[in-house]
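All values below come from the heavy atoms of this structure, side chains included, with hydrogens, waters and symmetry mates left out. Each residue takes its place number in the sequence, starting with 1. From a predicted model like this one, the values you see are computed outputs, not experimental measurements.
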Amino acid sequence: MPARGRSSFAVVTVSYFSGDHLRAFVASLGRATTAAPLVVIADNAESDDVPAAVADEFERVHVVRTGANIGYGGAVNRAVAELGRLARTSDGPDAEPVDFVVVANPDVVWGEGSLDALLAAADRWPRAGSLGPLIREPDGTVYPSARRVPDLVSGTGHALLGAVWKSNPWTASYRQDDQSISERSVGWLSGSCLVLRRSAFESVNGFDSRYFMYMEDVDLGDRLATAGWLNVYVPDAEIVHDKGHSAGKHPELMLPAHHRSAYRFQADRHPHAWQAPLRWALRAGLAMRSRLAVRAARRDDHS
C-alpha cells in the first residue's frame, strides 16, 4: 500500500470534556496508518484543559477553540475550514493539499491498519464521498453503522417503535439487517468514523450545523448521494467505539436533541403544505417518545 503524504489527509475530532478518551484516540492512530497525519481537535468546551495537554504531548496535533458548544457538525466544519492554515503551520508553505478528512469521535480506538484500509478503498471508489469502517462495541458486538436513508414511513416506524419492538420491520429495513457484511455502497454511514473526500464534503457545504447533535451524519450521507457521490461501507477496516460516553451523562438533554434532529430531517424533506398533517403527527409522536425515553433513563439512573 503506497504511503500517503504527511498532509494529504487530516484527522478531525470534536471534544467536549472527552477526558482520557481523547488521549487514547490520538495514541491509537499509530496503529491505524503508516502516515503521520495532521490531527485537529475542535474543542467545544472552553474550560477543558485536556485538548491542549494532548496537543502538547503528541506531534502534529492542533486545537481549534470553537468558543462554545456549537454542536458536532458545526465544530467539524470549523476545523475543516482551518486545515489549510494548520497544514502550512506544520509542514511549511509547500504543504501538500488535504484531500481527505477523517472525521471521528474521540471515543474511537483505531484498529490495526484501519485508516490505511479506508484510504485504500477511497482509491478503489473514486466517486466515494464518504467511507466508513466496521464498528464494534467495546464488547465486540458489530454496530449497524451502514444503513438506508429513512423515508417518512420507515423513519417514523423506527423512531416510534425501535426501542420497544426491536424486531419491527421498519427498524430491520432501516438498519439493513438483511444485508451481509461486505464492501458496498449504502445510504449513509455512522458519523462516529468517516473518511470524507474533501471535494465532496465541500461540494455539499459540509455538515448542516442546524443539527446540534444526531442525524447530521444521515443528512450528510443523503445530501452526498443526491449530489452524485457514494457512501461506501468498508468492513475490512475495523474500529471500536465506546458509543455514547458523553450522551449517556445527560439523557435529559441528549434524548430530546435526538428526537428534534429526527423531526428536522424528515421535515426538511417533506416541506409542502399538503404534507403538514404528516409533519404535525411526526412532531407529536416524537415529542411523546422523547418524554418517555427521558423518564426511562431517569428511572435507570436511580435504580
**Item:** Side chain R78, main chain A42, donor-acceptor under 3.5 Å
**Value:** no
**Request:** May I ask you to say whether R210 pairs ionically with D219, meaning some side-chain N is under 4.0 Å from a carboxylate O?
**Result:** no
**Prompt:** Measuring from N105:CG to T13:OG1, what's the distance to the nearest 0.5 Å?
**Reply:** 6.5 Å
**Fill in**
All heavy atoms of G19 vs all of V50, minimum pair found to be O-CG1, 3.7 Å
**Asked** Can you tell me if CG on D49 sees more than 12 non-hydrogen neighbours from other groups inside 6.0 Å?
**Response** no
**Prompt:** Parallel, tilted or perpendicular: which describes the rings of F25 and W110, with under 30° parallel and over 60° perpendicular?
**Reply:** tilted
**Prompt:** Hey, does R223 have a side-chain heavy atom less than 4.5 Å from the side chain of D208?
**Reply:** yes
**Request:** Could you walk me through whether S8 and D99 pass side chain to side chain donor-acceptor pair (under 3.5 Å), step by step?
**Result:** CA-CA 5 Å; S8 63; D99 297 323; 5.8 Å; no
**Request:** Determine, step by step, whether E82 and V40 satisfy the side chain to side chain contact (heavy atoms under 4.5 Å, CB included) criterion, reporting the C-alpha distance in whole Å, the side-chain angles of both residues, the deciding distance to 0.1 Å, and the verdict.
**Result:** CA-CA 9 Å; E82 297 280 351; V40 183; 5.7 Å; no
**Request:** Flag the pair L119 / F9 as yes when at least one side-chain heavy-atom distance between them is below 4.5 Å, and no otherwise.
**Result:** yes
**Prompt:** Looking only at atom types and distance, does a side-chain atom of D217 sit under 3.5 Å from a main-chain N or O of S190, one as donor and one as acceptor?
**Reply:** no
**Modelled atom types, side-chain donor and acceptor of S130 and N231, under 3.5 Å** = yes
**Request:** Would you check if the distance from the ring center of Y72 to the ring center of Y214 is below 6.0 Å?
**Result:** no
**Request:** Find the distance between CZ (F100) and CG (L115) and round it off to the nearest 0.5 Å.
**Result:** 11.0 Å
**Message:** Please find the pair of heavy atoms, one from S145 and one from Y233, that lie closest to each other, and give the distance.
**Reply:** OG-CE1, 3.8 Å
**Request:** Would you kindly confirm whether L118 and V26 end up in one hydrophobic cluster when ILVMFWY residues are joined by side chain heavy atoms under 4.5 Å apart?
**Result:** yes
**Prompt:** Does any non-hydrogen side-chain atom of D91 lie less than 4.5 Å from one of R60?
**Reply:** yes
**Request:** Determine, stepwise, if the pair R23 / E57 fulfils side chain to side chain contact (heavy atoms under 4.5 Å, CB included).
**Result:** CA-CA 9 Å; R23 183 171 282 100; E57 182 178 347; 2.8 Å; yes
**Nearest heavy-atom neighbours spanning V204 and A227** = CG1-CB, 3.9 Å
**Prompt:** For residues H62 and S90, is any side-chain donor paired with an opposing acceptor at under 3.5 Å?
**Reply:** yes
**Main-chain N/O of T34 paired to D116 side chain as donor or acceptor, under 3.5 Å** = yes
**Prompt:** Checking W188 side chain against R148 main chain: does a donor-acceptor pair fall under 3.5 Å?
**Reply:** yes
**Reported CG-to-CD distance for the pair L38 and E59, which is rounded to 0.5 angstrom** = 12.5 Å
**Message:** Looking at every heavy atom in both V232 and A128, which two are closest together, and how far apart are they?
**Reply:** CG2-CB, 3.8 Å
**Request:** Indicate the atoms forming the closest heavy-atom contact of T33 with A35, along with that distance.
**Result:** OG1-N, 3.0 Å
**Message:** Would you say that F265 contacts V149 through its side chain, given a criterion of any heavy-atom pair below 4.5 Å between the two side chains?
**Reply:** yes
**Message:** Within this structure, what is the OH-CZ distance for the pair Y263 and R260, rounded to the nearest 0.5 Å?
**Reply:** 13.0 Å
**Flag side-chain contact, heavy atom, 4.5 Å: L224 against F201** = no
**Request:** Let me know which of L86, L83, V80 forms a side-chain contact (heavy atoms from CB on, under 4.5 Å) with V98.
**Result:** L83
**Prompt:** When hydrophobic residues are tied together by side-chain contacts of less than 4.5 Å, even through go-betweens, does V103 share a cluster with V186?
**Reply:** yes
**Prompt:** Heavy atoms, side chains only, cut-off 4.5 Å: are L220 and L196 in contact?
**Reply:** yes
**Request:** Test salt bridge (charged side-chain N to carboxylate O under 4.0 Å, His left out) on D222 and R269 and set out the steps.
**Result:** CA-CA 11 Å; D222 187 40; R269 286 153 180 79; 2.6 Å; yes
**Prompt:** Atom OG in S185, atom CH2 in W125: separation rounded to 0.5 Å?
**Reply:** 6.0 Å
**Request:** Assess R127 against W229: is NZ or CZ under 6.0 Å from the centre of the six-membered ring, and within 45 degrees of the ring's axis?
**Result:** yes
**Item:** Closest approach of I41 to V61 (non-hydrogen atoms, all atoms of both residues)
**Value:** CD1-CG1, 3.7 Å
**Item:** Side chain to side chain, D48 and S15, heavy atoms closer than 4.5 Å
**Value:** yes
**Asked** Given the rule that I, L, V, M, F, W and Y join up when any side-chain heavy atoms are under 4.5 Å apart, are Y143 and V240 in one cluster?
**Response** no
**Message:** Counting C-beta onward and ignoring hydrogens, is there a side-chain heavy-atom pair between V109 and R31 closer than 4.5 Å?
**Reply:** yes
**Message:** With rounding to the nearest 0.5 angstrom, report the OG to CD1 distance, S192 to I135.
**Reply:** 3.5 Å
